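A short worksheet on the structure shown next.
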Number of protein chains: 2
Amino acid sequence: MSYYSSHPKLLVAVDCIIFGFNENEHDLKLLLLKRNFQPELGKWSLMGGFVAPDENLDDAAKRIVAQLTGLNNVYMEQLYTFGDVNRDIVGRIISVAYFSLIKINDHDSELVKKHGASWIPLTQLPELIFDHKEMVDKALRKLRIRARTQPIGFELLPEKFTIPQIQRLYEAIYQVPFDKRNFRRKLLLMNLLEKQDDKEKETSRKGAYYYRFNQLKYNELVEKGFNFDL
Amino acid sequence: MSYYSSHPKLLVAVDCIIFGFNENEHDLKLLLLKRNFQPELGKWSLMGGFVAPDENLDDAAKRIVAQLTGLNNVYMEQLYTFGDVNRDIVGRIISVAYFSLIKINDHDSELVKKHGASWIPLTQLPELIFDHKEMVDKALRKLRIRARTQPIGFELLPEKFTIPQIQRLYEAIYQVPFDKRNFRRKLLLMNLLEKQDDKEKETSRKGAYYYRFNQLKYNELVEKGFNFDL
DNA sequence: TCAAAAGTGTTTAAAATACACCCATGT
DNA sequence: ACATGGGTGTATTTTAAACACTTTTGA
């Protein structure tokens with residue numbers, strides 16, 4: 001380490017933008033904390049924490065999400081690193097932001113309560129501390145791009161889902177309605193989904209067939225690069 | 001700072017992936033350094049440097065590029081932050097990677113020589129230290145996406161250029177030929193280019209008209225989000 | 001006069017969009 | 001029997017792709 005040791009070190013944190021949805025709702029939500037400590041006590045913020053010297057960035061992000069939601073296998077994607085000298089009013093902190101999208105009713109709601117966190121609809125965001133609003137905006141833009149570039153699946157969707165569910169998810173992400181015939185056609189045309197024999201019966205009397213992603217075909221398509229414009 | 005002071009600090013560096021092109025060439029090149037110090041002496045690496053406590057990340061990236069190329073107004077875009085515990089064999093370093101694309105013959109080639117750097121065609125990359133190959137691959141993927149999302153202009157192109165030049169650039173980025181009639185039509189259909197009265201006469205006897213980007217229309221389109229599929 | 005790169009339109013194929021009715025079931 | 005969400009096909013418009021000859025001019 002001798003060669004590097006003369007250089008100054010900095011605080012490095014991870015902040016997590018956790019989007020949540022329920023298949024039968026129409027809003028995308030964001031997991032926010034009401035700060036119970038100074039500075040900015042009482043204001044809303046993202047969940048974050050400092051990176052330990054022996055901890056990978058991705059692992060730090062996973063640790064923070066697990067602490068807050070009880071979920072251990074959440075797919076997190078790195079968003080951007082925010083490092084302006086004055087972004088935090090107390091001192092300089094480099095913040096590596098991560099985002100993810102989870103099914104709200106999968107997580108442990110007790111943990112969320114214990115941390116003073118809440119699911120806030122994106123349409124009703126309160127004021128956030130520091131540059132957290134900028135982080136959320138950037139995450140939402142990236143989520144939208146990502147949802148067009150590769151169907152949000154495997155990593156971000158439950159393993160079994162119906163087509164109306166995935167359509168509601170996309171409508172929540174883009175905040176626009178899609179034509180259900182066209183949506184279904186495009187989705188199925190990718191040859192990525194496998195119809196199951198059972199149905200989801202909670203949201204309708206008729207019931208909607210479950211589907212699963214075909215992992216092999218997904219990998220093939222990711223290789224080639226594909227687009228999924230709606 | 002009291003509240004944060006108990007947390008450990010880390011070394012934070014910036015590494016720069018600098019792509020270069022000349023309008024009349026067909027290859028994209030990468031600016032690489034032959035290391036003249038330990039560790040990994042004699043191997044090739046990207047240009048990097050540590051972030052100072054009072055320096056923004058973007059500014060650190062600009063500083064590093066300016067040192068190496070003499071160029072002061074290079075547009076740099078943040079790529080990704082590489083932070084695995086063992087990515088550097090000597091000690092833990094968080095590296096925020098930036099990339100840019102510059103016109104090779106605009107820069108100060110003396111500075112490049114002085115630093116022991118060279119322009120290496122992407123098709124002939126040598127082995128790089130640490131995770132620098134991964135950085136380059138990721139940068140190239142992002143450059144390709146970016147070139148489809150918004151025409152590489154303003155930030156990454158010279159202010160005055162011909163259509164055959166920009167086509168050669170795109171062909172270098174994607175490593176495929178495009179039909180010149182279709183390319184020209186799509187480019188002009190965006191209503192983003194303004195034809196000048198003068199011609200570039202170095203690459204052909206007939207000469208090709210220069211164009212400029214229209215800043216206003218560009219901003220409008222960036223707002224709405226546009227795609228520029230070739 | 002010829003070599004070398006610039007410039008120019010049309011036809012064809014593919015993809016996106018708009019649109020309205022029947023189905024299955026629990027209450 | 002009716003209310004609720006699930007499921008289906010076609011015609012039209014828009015966009016992308018393929019393709020070959022003429023122009024200019026310096027050497």
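Lettering of chains follows the sequences in order, A, B, ..., and the numbering in each one begins at 1. Predicted model only: the values in this text are computed from it and were never measured.
Residue A:Lys201 places its side chain closer to C:dG26 than to any other of C:dG26, C:dG7, C:dT17. Closest contact between the side chain of A:Lys206 and the listed nucleotides C:dA24, C:dA20, D:dA16 involves C:dA24. Here the nucleotide nearest the side chain of B:Asn182, chosen from D:dA17, D:dT10, D:dG6, is D:dA17. Counting only heavy atoms from C-beta on, A:Arg181 has its side chain closest to D:dT8 among D:dC19, D:dT8, D:dG7.
The pair A:Lys62-A:Asp58 fails the salt-bridge criterion, with no side-chain N (NZ, NE, NH1 or NH2) lying under 4.0 Å from an Asp/Glu carboxylate O.
Atoms OH (B:Tyr209) and P (D:dT23) sit 15 Å apart, rounded to a whole Å. Note: CZ (A:Phe183) to P (C:dA16) measures 14 Å, nearest angstrom. Between the P atom of D:dG7 and the OH atom of A:Tyr210 lies a distance of 12 Å, rounded to the nearest Å. For A:Glu200 and C:dA24, the CD to P distance is 18 Å, given to the nearest whole Å. B:Lys199 places its NZ atom 13 Å from the C1' atom of D:dG26, with the value rounded to the nearest Å. Rounding to whole angstrom units, CZ of residue A:Phe178 and P of C:dC19 are separated by 17 Å. Between the CZ atom of B:Phe228 and the C1' atom of D:dA16 there is a distance of 14 Å, rounded to whole Å. Atom pair B:Ile166:CD1 and C:dG7:P shows a separation of 13 Å (rounding to whole Å applied).
B:Lys180 comes within 4.0 angstrom of a nucleotide base, judged by non-hydrogen atoms across all strands.
In this pair, B:Phe183 and B:Phe178 present their aromatic rings tilted. The plane angle is within the 30 to 60° band. Between A:Phe161 and A:Phe213, the angle of the ring planes lies from 30° to 60°, which puts this pair in the tilted group.
Listed pair A:Lys186 / C:dT17 meets the phosphate criterion, a side-chain N or O lying under 4.0 Å from OP1 or OP2.
The residue among A:Asp179 and A:Arg205 whose nearest nucleotide of DNA chain D lies closer to the 5′ end is A:Arg205.
Looking at A:Gln167 and A:Glu171, their side chains come closer than 4.5 Å, going by heavy atoms from C-beta outward.
Nearest heavy-atom pair across A:Asp15 and A:Gly48 is OD1-CA, 3.3 Å.
Donor-acceptor pairing under 3.5 Å, judged by distance alone, is present between the side chain of B:Arg185 and the base of C:dT10.
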